[in-house]
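Here is the structure we will look at.
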Amino acid sequence: MFKDLYINNKLVDKKYYTVKSGSTIITLNSEFVETLEKGNYEVTAEFTNGGKATTNLTVLSNNVIEKEKI
């Protein structure tokens, strides 16, 4: 079960994203995306069983492009 989300090793407040069960779909809200500068970010999902999944995303003019699914 999903526990927490980190971007560049910083915990993201739960108010800035939604999570759907099943394949664990995490959606960052536009309010949060607008705070991100252009560039590359490491995104890590942490799970209650101690597992982690890490992926990268790129922000271009406040548009997030998913590079790979977690």
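None of these values were measured; they are calculated from a predicted model.
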* Asked: Taking a hydrophobic cluster as the set of Ile, Leu, Val, Met, Phe, Trp and Tyr residues connected by side-chain heavy atoms closer than 4.5 Å, whether directly or through intermediates, do Tyr17 and Phe47 fall within one such cluster?
  ->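 Hydrophobic grouping puts Tyr17 with Phe47.
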- Would Val19 and Ile7 show up in the same hydrophobic cluster when neighbours are defined by side-chain heavy atoms closer than 4.5 Å?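 The answer is yes; both residues are in one hydrophobic cluster.
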Exercise. Checking side chain to side chain contact (heavy atoms under 4.5 Å, CB included) against Val43, which of Val12, Asn8, Thr55, Thr54 comes through?
Worked result: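 Answer after filtering Val12, Asn8, Thr55, Thr54: Thr55.
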Point to revise | Heavy-atom donor-acceptor pair, Thr44 side chain to Tyr6 backbone, under 3.5 Å | key: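 No, because the side chain of Thr44 does not come within donor-acceptor range (under 3.5 Å) of the backbone of Tyr6.
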Check: Do other residues, nucleotides or ligands put more than 12 heavy atoms under 6.0 Å from the CG atom of Asn49?
Finding: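 Correct, the count exceeds 12.
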Flag if over 12 foreign heavy atoms under 6.0 Å of NZ, Lys14 =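 More than 12 heavy atoms, drawn from other residues, nucleotides or ligands, come within 6.0 Å of this atom.
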Minimum heavy-atom distance Thr48-Phe2, with the two atoms named: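 Nearest pair, atom of Thr48 first, then Phe2: CG2-O, 4.3 Å.
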What are the two closest non-hydrogen atoms of Ala45 and Ile26, and how far apart are they?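 Between these two residues, the closest heavy atoms are CB-CD1, 4.0 Å.
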Return the orientation label for the Phe32 and Tyr16 ring planes: parallel under 30°, perpendicular over 60°, tilted otherwise.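 Phe32 vs Tyr16 ring planes: tilted.
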Problem set entry | From CG (Leu36) to CG (Leu60), nearest 0.5 Å |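 It comes to 12.0 Å.
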Do Leu28 and Leu57 touch side chain to side chain, with heavy atoms closer than 4.5 Å?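 Result yes, sub-4.5 Å side-chain heavy-atom pair found.
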Indicate yes or no: at least one non-hydrogen side-chain atom of Asn40 is less than 4.5 angstrom from one of Asn56.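 Counting from C-beta outward, Asn40 and Asn56 never come under 4.5 Å.
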- Task: Test Thr18 against Asn29 for side-chain contact (heavy atoms from CB on, under 4.5 Å), laying out the working first.
- Result: CA-CA 8 Å; Thr18 59; Asn29 67 32; over 6 Å; no
